[in-house]
Amino acid sequence: MAVSFLSHELSDLCIGKPALKSLPISSTVGEALFALRQSGQTYVSVWTSDSSKPETKSCAGKLCMVDILCYLCSKDNISSPAAALKNPVSVLLSKEAAALVRCVESHSRVIDALDLILEGAHILLVPIRSRKKLQPHHSGIFCWLTPEDFARFFFNSISVFSPIAACSVTQLGLVRSTDILAIHHHDPALSALPLIHRALAEQTSVAVVTDDRKLIGEISPSTLTGCDESVAAALAVLSAGDFMAYIDWCTSPPDAAVRALKSLLKKKGMQEMVELMDVVSRPVFSSSTSSSSDEEGEIRKRPGRLRRLGSYSSRMGRRSEEAIVCHPGSSLVAVMVQALAHRVGYVWVVEEDYGLVGIVVLRDILKVFRDQFAEQFLIS
């Protein structure tokens, strides 16, 4: 079995993966936004070239819709989002951006590539095999792998890692119970901006809780990646609870909710955010939501929205679902089923009454497999 695992190349995980859209470092934030919307992908990669050797290029980092939303809602840009879209895309890249993306050869061992993920890489760029000879920097030759892809690889051979598959996440020490990213439902959604940015960096999410720490939903980067830039307007003025309801509708909120949001923006003097909403093209849907004189009430139209476990609209058009949860005694395999089925990199850990205990992160699960693999097969 050790020989079987060692024989797997990274290309085995790339089957069916699309090419990752790429942009030059000279692009603007608006052009990055357009590329994300047109490609329908979660990420775009940004490339820079050596001035002395233009043909030599390297990846400067990756961007997603959440990076742009956080940028538009930052203190310097919230009053003039249109101007912010004209800035160079480099303003979205942190000093660590290049380290989050690693280029790996397709013939690399899966176990070696996993080590790069555990060292902090968010995605691995892998050349797509082609009959044509393409230059390494060509926009069409790279696909990308995430921790989810590695988790699926190990899950498909979960029996190899018996008995840890049946152990609870608590027994395995996988529950992160300290420094949990959380916000109260009545707090301004904008106050969660640093938490959203951090959740993106840590590949987790922001819990939305009641005053007694009951989990009622989340503000998830994985959800926001499937939204458009008009969601920045909702983030700017709504409460965390109302923002959850708004992003549930993703790119097709009811007309009444849009009108209510625009009214709130105008009252706060955020006319440019209103204009940002107007320029975003939307599919035309007839809304069944009746009008109401209570503007904020229109946003949280669904009865009991804050009294039950919150729901969210997943990225890429997947239907709205409840926040993914498990219990302290849930087995490793059960938690993996939850995470992989819903395509998230984490699972919230709650008590029976939904009291928030902590969170299990997919990257931590991968480390358990890596340690077990090293122990069983003596692979360092």
Side-chain angles (χ1 to χ4, degrees), residues 23 25-37 42-46 60-101 122 181-184 187-208 218-244 246-247 250-251 261-262 264-280 299 315:
L23 292 172
I25 194 70
S26 58
S27 303
T28 64
V29 175
E31 288 170 337
L33 174 62
F34 181 79
L36 283 166
R37 295 185 66 188
T42 304
Y43 304 109
V44 293
S45 57
V46 180
K62 49 92 178 172
L63 299 173
C64 68
M65 185 61 74
V66 185
D67 293 300
I68 296 176
L69 293 176
C70 289
Y71 181 66
L72 295 179
C73 289
S74 65
K75 182 179 179 180
D76 294 335
N77 300 318
I78 194 168
S79 61
S80 54
L85 291 174
K86 298 177 183 178
N87 291 332
V89 74
S90 57
V91 300
L92 299 176
L93 299 174
S94 65
K95 295 180 179 179
E96 301 80 19
L100 299 179
V101 181
H122 280 195
L181 306 181
I183 185 173
H184 291 100
D187 290 338
L190 193 59
S191 66
L193 194 62
L195 301 181
I196 295 172
H197 198 270
R198 185 175 156 193
L200 178 64
E202 298 178 359
Q203 298 181 306
T204 58
S205 184
V206 180
V208 179
E218 64 177 349
I219 300 175
S220 170
S222 64
T223 302
L224 293 174
T225 56
C227 297
D228 59 41
E229 66 272 26
S230 68
V231 172
L235 180 59
V237 294
L238 298 181
S239 69
D242 291 343
F243 183 62
M244 280 197 306
Y246 192 88
I247 62 176
C250 198
T251 57
L261 178 57
K262 287 182 177 180
L264 290 172
L265 289 166
K266 290 176 181 177
K267 285 183 177 180
K268 292 181 178 291
M270 295 183 175
Q271 183 59 38
E272 286 209 24
M273 279 292 184
V274 176
E275 294 172 1
L276 181 68
M277 295 181 66
D278 289 337
V279 300
V280 177
I299 303 296
R315 63 187 183 277

Decide yes or no for [X] and [Y]: does some side-chain heavy atom of the first lie under 4.5 Å from some side-chain heavy atom of the second?
X      : Y      : result
Leu36  : Ile68  : yes
Val237 : Met273 : no
Leu72  : Leu85  : yes
Leu63  : Leu93  : yes
Lys262 : Asp278 : yes
Glu31  : Val89  : no

query: Going through the checks in order, is the side chain to side chain contact (heavy atoms under 4.5 Å, CB included) test met by Val46 and Ser27?
result: CA-CA 9 Å; Val46 180; Ser27 303; over 6 Å; no

field: Polar side-chain atom of His122 near backbone of Ala201 as donor-acceptor pair, under 3.5 Å
entry: yes

Spacing of [X] atom [atom1] and [Y] atom [atom2] [to the nearest 0.5 Å]:
X      : Y      : atom1 : atom2 : answer
Ile219 : Phe243 : CD1   : CZ    : 6.0 Å
Cys73  : Leu235 : SG    : CG    : 4.0 Å
Lys75  : Leu190 : NZ    : CG    : 11.5 Å

message: Test: side chain to side chain donor-acceptor pair (under 3.5 Å). Region: residues 63-74. Which pairs qualify, not counting sequence neighbours?
response: Tyr71-Asn87, Ser74-Asn77

